[in-house]
Asker: 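Here it is, the structure in full.
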Amino acid sequence: METLAAEEELTIEQKDEQRLILYKRAEALTNIPWYYLAAVDTYERGLRRVVKDRPREEGLISIFFTPSQWAGPLNPDLEDVDPLSISLFGGLGLDGNGDNEADRNQDEDVLFTFARYLEKYGFNDEDFKIALWDYYQREQTVSIINGHANLYKNYKHLALHEHAFPLPLRANYSYRNTWGDRRGWGGRRIHEGTDIFAGYNVPVRATSYGVIEIKGWNIYGGWRIGIRDLDNIYHYYAHLSGFEKGIEEGEIVEPGQVIGYVGSSGYGKPGTQGKFPPHLHYGMYRDNGYTEWSFDPFPSLKSWERKGFQQLKKQS
């Protein structure tokens with residue numbers, strides 16, 4: 001409880017600083033790049049926020065091992081912290097801080113254990129992907145974590161928490177909460193996003209740091225872009241009139257970066273336009289390690305809009 005209380009008292013910036021120290025310490029011991037470890041830890045932190053059968057982390061590191069994974073599936077003591085007996089029973093747990101205990105609730109032990117797992121496969125990007133596939137057995141998880149690693153490798157730090165409203169705040173736009181409304185085109189379904197109405201070709205901006213997963217045509221969304229952020233959330237921008245030059249799948253984006261332009265594309269074959277007034281359909285989808293589901297983006301949009309106007313006021 002004392003560890004949890006101390007962790008909760010830290011600011012986001014302080015947590016980032018201490019996590020980076022832990023990642024780089026594990027890198028020094030194993031030669032596994034710190035951004036690989038940061039990517040896995042970030043992915044698992046997102047899971048802990050949405051998967052009900054996973055407890056909140058006690059320290060700073062969120063990588064999760066089940067008791068049987070850590071101590072060994074045939075170990076009669078699933079809370080075993082003896083590195084020797086854990087090894088004899090085929091457990092993964094290792095001592096990472098030199099206290100002669102392998103404790104799955106100790107940050108350094110957990111990071112060292114996962115780094116040693118990765119080390120068996122090698123040290124380059126392809127080795128990393130293979131290791132992730134063998135561990136998670138899910139292609140989408142491999143893609144998400146690899147995207148996180150690319151972000152950290154590119155920016156060389158962890159402080160990537162900023163967000164931006166998807167349209168310029170000085171643009172003429174309007175929106176209300178339309179998530180869950182009925183939609184009839186293409187069959188009865190619910191509206192999985194918020195519609196932000198604006199004129200043709202108003203710039204559309206990335207709301208977060210992330211990696212472009214999808215770019216192209218969708219029969220419902222028209223010209224659309226999908227971006228994955230560091231909370232494992234997929235941001236969906238639809239009905240665009242076109243894309244910003246240089247925006248391609250696999251590229252990194254940051255908050256406020258122009259990715260496309262408001263349009264009225266969709267509801268038909270590629271190139272269909274004008275079946276509804278121009279607007280941006282903005283959706284958010286959460287990943288839980290097994291599947292994805294949409295959730296209401298309206299509260300996030302209002303929060304980013306409010307903070308954006310506060311920043312503009314300070315600058316004026």
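Keep in mind it's a predicted model, so treat the numbers as computed, not measured.
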Asker: Can you tell me if Asn124 has over 12 outside heavy atoms packed within less than 6.0 Å of its CG?
Answerer: yes
Asker: With the threshold set at 4.0 Å, does a side-chain nitrogen-carboxylate oxygen contact exist between Lys24 and Glu27?
Answerer: no
Asker: Quick check: does any side chain N or O of Glu251 sit under 3.5 Å from a backbone N or O of Glu248, one acting as donor and the other as acceptor?
Answerer: no
Asker: Could you pull out the closest heavy-atom pair between Ala38 and Leu158, with the gap in Å?
Answerer: CB-CD2, 4.1 Å
Asker: Could you check whether any side-chain heavy atom of Tyr209 comes within less than 4.5 Å of a side-chain heavy atom of Ile252, counting everything from C-beta outward?
Answerer: no
Asker: Could you measure the distance from the CZ atom of Arg104 to the CD1 atom of Ile61? Nearest 0.5 Å is fine.
Answerer: 15.5 Å
Asker: The test is ring pair (Phe, Tyr, Trp, His ring centres under 6.0 Å); show your working for Tyr135 and Phe114 and say whether it passes.
Answerer: CA-CA 10 Å; Tyr135 189 81; Phe114 203 89; 5.1 Å; yes
Asker: Quick check on the hydrophobic clustering: are Val40 and Ile233 connected, directly or via other members, by side-chain heavy-atom contacts under 4.5 Å?
Answerer: no
Asker: Which heavy atom of Pro297 sits nearest to which heavy atom of Thr194, and what is that distance?
Answerer: CG-OG1, 3.4 Å
Asker: Determine, using the 4.5 Å side-chain heavy-atom cutoff (strictly less than), whether Phe165 and Leu160 are members of one ILVMFWY cluster.
Answerer: no
Asker: What are the two closest heavy atoms between Asp195 and Tyr175, and how far apart are they?
Answerer: O-CB, 3.3 Å
Asker: For the pair Ser143 (side chain) and Glu139 (backbone), establish whether a donor and an acceptor sit closer than 3.5 Å, ignoring hydrogens and angles.
Answerer: no
Asker: For Gly260, does its backbone N or O pair with a side-chain atom of Trp223 as donor and acceptor, under 3.5 Å?
Answerer: no
Asker: Mind running side-chain contact (heavy atoms from CB on, under 4.5 Å) on Gln140 and Asp287 for me, showing each step along the way?
Answerer: CA-CA 9 Å; Gln140 178 73 331; Asp287 186 277; 3.9 Å; yes
Asker: Assess, by modelled atom type and distance only, whether the side chains of Asn177 and Asp296 contain a donor and an acceptor separated by less than 3.5 Å.
Answerer: yes
Asker: Look only at the side chain of Asn288 and the backbone of Thr291, and say whether a donor-acceptor pair between them is shorter than 3.5 Å.
Answerer: yes
Asker: Between Phe295 and Arg286, is there a cation-pi geometry (under 6.0 Å to ring centre, at most 45° from the normal)?
Answerer: yes
Asker: Quick one, His148 and Ile144 - any side-chain contact, counting heavy atoms below 4.5 Å?
Answerer: yes
Asker: Looking only at non-hydrogen atoms, find the nearest pair between Asp127 and Tyr121 and report the distance.
Answerer: CG-O, 3.2 Å
Asker: Working to the nearest 0.5 Å, report the span between CG of Asp99 and CD of Glu108.
Answerer: 8.5 Å
Asker: State yes or no: are the ring centers of Tyr136 and Tyr290 separated by less than 6.0 Å?
Answerer: no
Asker: For a quick check under 3.5 Å, do His161 and Asp16 share a side-chain donor-acceptor pair by atom type?
Answerer: yes
Asker: Keeping Thr30 on the side-chain end and Ile32 on the backbone end, is there a donor-acceptor pair under 3.5 Å?
Answerer: yes
Asker: Taking all heavy atoms of Pro83 and all of Asp95, pick out the closest pair and write down the distance.
Answerer: CG-CB, 4.2 Å
Asker: Can Ser62 and Glu44 be counted as having a side-chain donor-acceptor contact under 3.5 angstrom?
Answerer: no
Asker: Looking only at atom types and distance, does a side-chain atom of Ser264 sit under 3.5 Å from a main-chain N or O of Gly274, one as donor and one as acceptor?
Answerer: yes
Asker: Does Arg228 pair with Glu292 as a salt bridge, N-O distance under 4.0 Å?
Answerer: yes
Asker: Does the ring centre of Phe276 sit less than 6.0 Å away from the ring centre of His239?
Answerer: yes
Asker: Compare all side-chain heavy atoms of Pro166 with those of Leu301 and state whether any distance is below 4.5 angstrom.
Answerer: yes
Asker: With distance as the sole criterion, is a donor-acceptor pair present between the side chains of Thr42 and Tyr152 under 3.5 Å?
Answerer: yes
Asker: Within a strict 4.5 Å, meaning less than it, do heavy atoms of the Phe197 and Leu167 side chains meet?
Answerer: no
Asker: For a ring pair (Phe, Tyr, Trp, His ring centres under 6.0 Å) check, start with the C-alpha distance between Tyr236 and His281, then their side-chain angles and the critical distance, and finish with the verdict.
Answerer: CA-CA 8 Å; Tyr236 179 66; His281 170 97; 5.6 Å; yes
Asker: Does Leu312 offer a backbone N or O that forms a donor-acceptor pair with the side chain of Gln315 under 3.5 Å?
Answerer: no
Asker: Using a strict cut-off of less than 4.0 Å between a Lys/Arg side-chain nitrogen and an Asp/Glu carboxylate oxygen, indicate whether Arg45 and Asp41 qualify as a salt bridge.
Answerer: yes
Asker: Under 4.5 Å between side-chain heavy atoms, hopping through other hydrophobics if needed: is there a path connecting Leu240 to Ile247?
Answerer: yes
Asker: Mind running ring pair (Phe, Tyr, Trp, His ring centres under 6.0 Å) on Tyr261 and Tyr200 for me, showing each step along the way?
Answerer: CA-CA 7 Å; Tyr261 300 89; Tyr200 281 107; over 10 Å; no
Asker: Taking the basic N atoms (NZ, or NE/NH1/NH2) and the acidic carboxylate oxygens, is any pair closer than 4.0 Å for Asp107 and Arg25?
Answerer: no
Asker: Just checking Tyr23 against Tyr36, ring centres under 6.0 Å apart?
Answerer: no
Asker: For the atom pair CG (Leu84) and CZ (Phe89), what is the distance rounded to the nearest 0.5 Å?
Answerer: 10.0 Å
Asker: Would you give the length of the straight line joining atom CD1 of Ile63 to atom CZ of Arg48, rounded to the nearest 0.5 angstrom?
Answerer: 9.5 Å
Asker: Check whether any side-chain heavy atom of Val258 sits under 4.5 Å from a side-chain heavy atom of Val204, and report yes or no.
Answerer: no
Asker: Which is it for Leu132 and Thr141 under the side-chain contact (heavy atoms from CB on, under 4.5 Å) test, yes or no, and what are the steps along the way?
Answerer: CA-CA 8 Å; Leu132 293 176; Thr141 296; over 6 Å; no
Asker: So if you build clusters from Ile, Leu, Val, Met, Phe, Trp, Tyr with side-chain heavy-atom gaps below 4.5 Å, do Phe243 and Ile219 land together?
Answerer: no
Asker: Any chance the side chains of Tyr237 and Thr207 put a donor and an acceptor closer than 3.5 Å?
Answerer: yes
Asker: With a 4.5 Å cut-off on side-chain heavy atoms, are Glu126 and Lys129 touching?
Answerer: yes
Asker: Among side-chain atoms of Tyr267 and Thr272, is any donor-acceptor pair under 3.5 angstrom?
Answerer: no
Asker: Does Arg49 come within less than 4.0 Å of Glu57, counting only side-chain N to carboxylate O?
Answerer: yes
Asker: Go through the steps to decide whether Tyr234 and Met284 satisfy the test side-chain contact (heavy atoms from CB on, under 4.5 Å), and finish with yes or no.
Answerer: CA-CA 6 Å; Tyr234 179 78; Met284 298 174 73; over 6 Å; no
Asker: Could you check if a side-chain atom of Pro255 sits within less than 4.5 angstrom of a side-chain atom of Trp304, using non-hydrogen atoms only?
Answerer: no
Asker: For a side-chain contact (heavy atoms from CB on, under 4.5 Å) check, start with the C-alpha distance between Tyr173 and Val202, then their side-chain angles and the critical distance, and finish with the verdict.
Answerer: CA-CA 9 Å; Tyr173 65 84; Val202 169; over 6 Å; no
Asker: Would you call Val110 and Phe65 a side-chain contact if the rule is heavy atoms closer than 4.5 Å?
Answerer: yes
Asker: Could you tell me whether Glu249 and Lys215 have a side-chain N and a carboxylate O separated by less than 4.0 Å?
Answerer: no
Asker: To check you understand the geometry: which heavy-atom pair defines the closest contact between Ile225 and Ile259, and what is its length?
Answerer: CD1-O, 3.4 Å
Asker: Test of understanding: clusters of I, L, V, M, F, W, Y form through side-chain heavy atoms closer than 4.5 Å, transitively. Do Phe112 and Ile86 belong to the same one?
Answerer: no
